[in-house]
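Counting convention: from 1, in listed order, for ligands and their atoms alike. Computed from heavy atoms alone, side chains included, the values below leave out hydrogens, waters and symmetry copies. Residue numbers count from 1 along this sequence. As the structure is a computational prediction, the values presented were derived from the model and not from experiment.
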Amino acid sequence: MKAVVLVGGQGSRLRPITYDVPKAMVPLRNQPFIGYMIDFLRDAELDGAVLSLGYLPDPIQRYFAGRDLNGFSIDYAVEDNPLGTAGGIKNSEEYLDGDSFVVVNGDVLSGMDLRVAIARHKESDALATIVLTSVEDPTAYGLVEVDHDMLVHRFIEKPAADEVTTSLVNAGIYVLEPAVLDMIPTGQEVSIEREIFPYLQAEGRLRAYVSSSYWRDIGTPRSYLAASHDILSGAVGTRNGFDYLHVEPSVVKGKGVKVLPPVSVAAGCILESGATIGGRSSLGRRCKIGEAALVEGSILFDGVEIESGAMVRGSIIGLGARIGQEAIVRGLSVLGGGCVIGEGNVLDQGIRINPRVVLSPQSISYS
Ligand code: GTP
């Protein structure tokens, strides 16, 4: 059995990071997200994945080129124009072998045992089974109401607070029968959630499987940071070993440097004297943290430079960005790749700076 992994979306909620890096390639504890997804599918003993690509396909294909996955196959179905979630599945059909198959949104991190959902699906006469998960605030998601026998009864898209009748939402993980492919027109933009599932529901052929395991999507800066924190603290994704204090041997540390777990510091980083890398941070390769600078609860992509006395807290800093002396970046700020934030700026309140923007010293201050 194979899986179709939907990774063709633009990831607009994660901009400006996704202007340069597809959502599937954003790092979590220094491994691209797609690596966790493939581990998840291999743990379920699937035979391979078809990556349904559209937006920025090259970095994803490069990541898998020459990578040995122990017989787990990777195929690519690349769209010239966005085909939506169902259209992306239809476009992958030639790589599926006529068997039931799994579909996953390429931005969900799950600790569930997919094998159980597959087994339940096969015991039923459903054409599709949707995995559901319970979330604290379902208003940002699509609610799914189920009957006592787990048949899907109703969908409620992004409900207002007084319309919330259940905490169960679509987890973006499905098991489908090949007959579903025949319901999707070729080469057209079609949504599985809005067009195919309601039809299957009306026919009584759509079931649900509720998972109580870890689940999170990485679609927004807040959820991406939270997922990174969860991985750093071992809540999920520990297949390749786990270490609260993961500092590569090549990291150079000056005098009085503090590195507080859980943390991950990749190869080639330089931590100058008096720097503090606070818990729940992930530093990509070759980052440089200047004297007495502080990084806490943040994700730094490769090659980021934080100059002396600067502070980065609860934020996401794109590839090769530079934060000047004494600057402060906090409060879920997101900086695109190659930004230069001049000395003494204060960025806060979820500010987003586009890639390669240069801010002159002390030009922005939130107080
Ligand atoms: P936002 O723009 O922030 O909503 O993110 P997104 O583009 O990822 O959209 P969304 O989260 O709704 O998509 C769910 C999953 O479907 C993601 O893994 C997307 O990569 C994928 N996806 C969305 N649109 C398409 C598409 O047109 N083609 C393919 N192949 N995948 C898609």
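Residue contacts with ligand 1 for Asn105 involve both N, CA, C or O and side-chain atoms from C-beta outward (heavy atoms, distance under 4.0 Å). If you look at Asn91 next to ligand 1, there are no close heavy atoms at all, none under 4.0 Å.
Which parts of ligand 1 touch Pro82 is read off a 4.0 Å heavy-atom cut-off, strictly below it: atoms 27 (O). Every atom of ligand 1 with a heavy atom of Ser52 under 4.0 Å away is listed here by number and element: 29 (C), 30 (N). Remark: ligand 1 atoms within the under-4.0 Å shell around heavy atoms of Thr85 are 16 (O). Close approach to Leu83 involves these atoms of ligand 1, each under 4.0 Å from a residue heavy atom: 27 (O).
Looking at Thr166 and Glu145, their side chains never bring a donor and an acceptor atom within 3.5 Å of each other. Using a 3.5 Å distance cut-off with no hydrogens or angles, the side chains of Tyr141 and Asn170 do not pair a donor with an acceptor. Checking Gln201 against His153 by side-chain atom types alone, no donor-acceptor pair falls below 3.5 Å. Between the side chains of Gln349 and Arg330, not a single donor N or O lies within less than 3.5 Å of an accepting N or O. Inspection of the Glu272 and Ser308 side chains reveals no N or O donor paired with an N or O acceptor under 3.5 Å. A side-chain donor-acceptor contact under 3.5 Å links Asn345 and Ser363. Side-chain atoms of Ser250 and Glu248 form no donor-acceptor pair, as typed in the model, at a separation below 3.5 Å.
Considering backbone and side-chain atoms together, Gly11 places an N or O closer than 3.5 Å to an N or O of ligand 1. Checking only distances, Gly106 does come within under 3.5 Å of ligand 1, N or O to N or O.
The shortest contact between atom 12 (O) of ligand 1 and any protein heavy atom is with Arg13 NH2, 4.6 Å. What sits closest to atom 18 (O) of ligand 1 on the protein, heavy atoms only, is Leu6 O, 2.6 Å. Looking only at heavy atoms of the protein, atom 28 (N) of ligand 1 is closest to Glu79 OE1, 2.9 Å. Looking at atom 31 (N) of ligand 1, its nearest protein heavy atom turns out to be Gly8 N, 3.1 Å. From the protein, the heavy atom lying nearest to atom 32 (C) of ligand 1 is Gly9 N, 3.4 Å.
For atom 9 (O) of ligand 1, no protein heavy-atom neighbour is found at a distance under 4.0 Å.
Counting heavy atoms from C-beta on, the side chains of Leu46 and Phe72 come closer than 4.5 Å.
For Arg285, the CZ atom counts as loosely surrounded, since its 6.0 Å shell holds 12 or fewer non-hydrogen atoms of other residues, nucleotides or ligands.
One option in Pro57, Ser12, Gly84 has a heavy atom closer to atom 26 (C) of ligand 1 than any other, and that option is Gly84. The residue among Lys23, Glu189, Gln10 with a heavy atom at the shortest distance from atom 7 (O) of ligand 1 is Gln10.
For Tyr224 and Phe33, the ring centers sit 6.0 Å or farther from each other.
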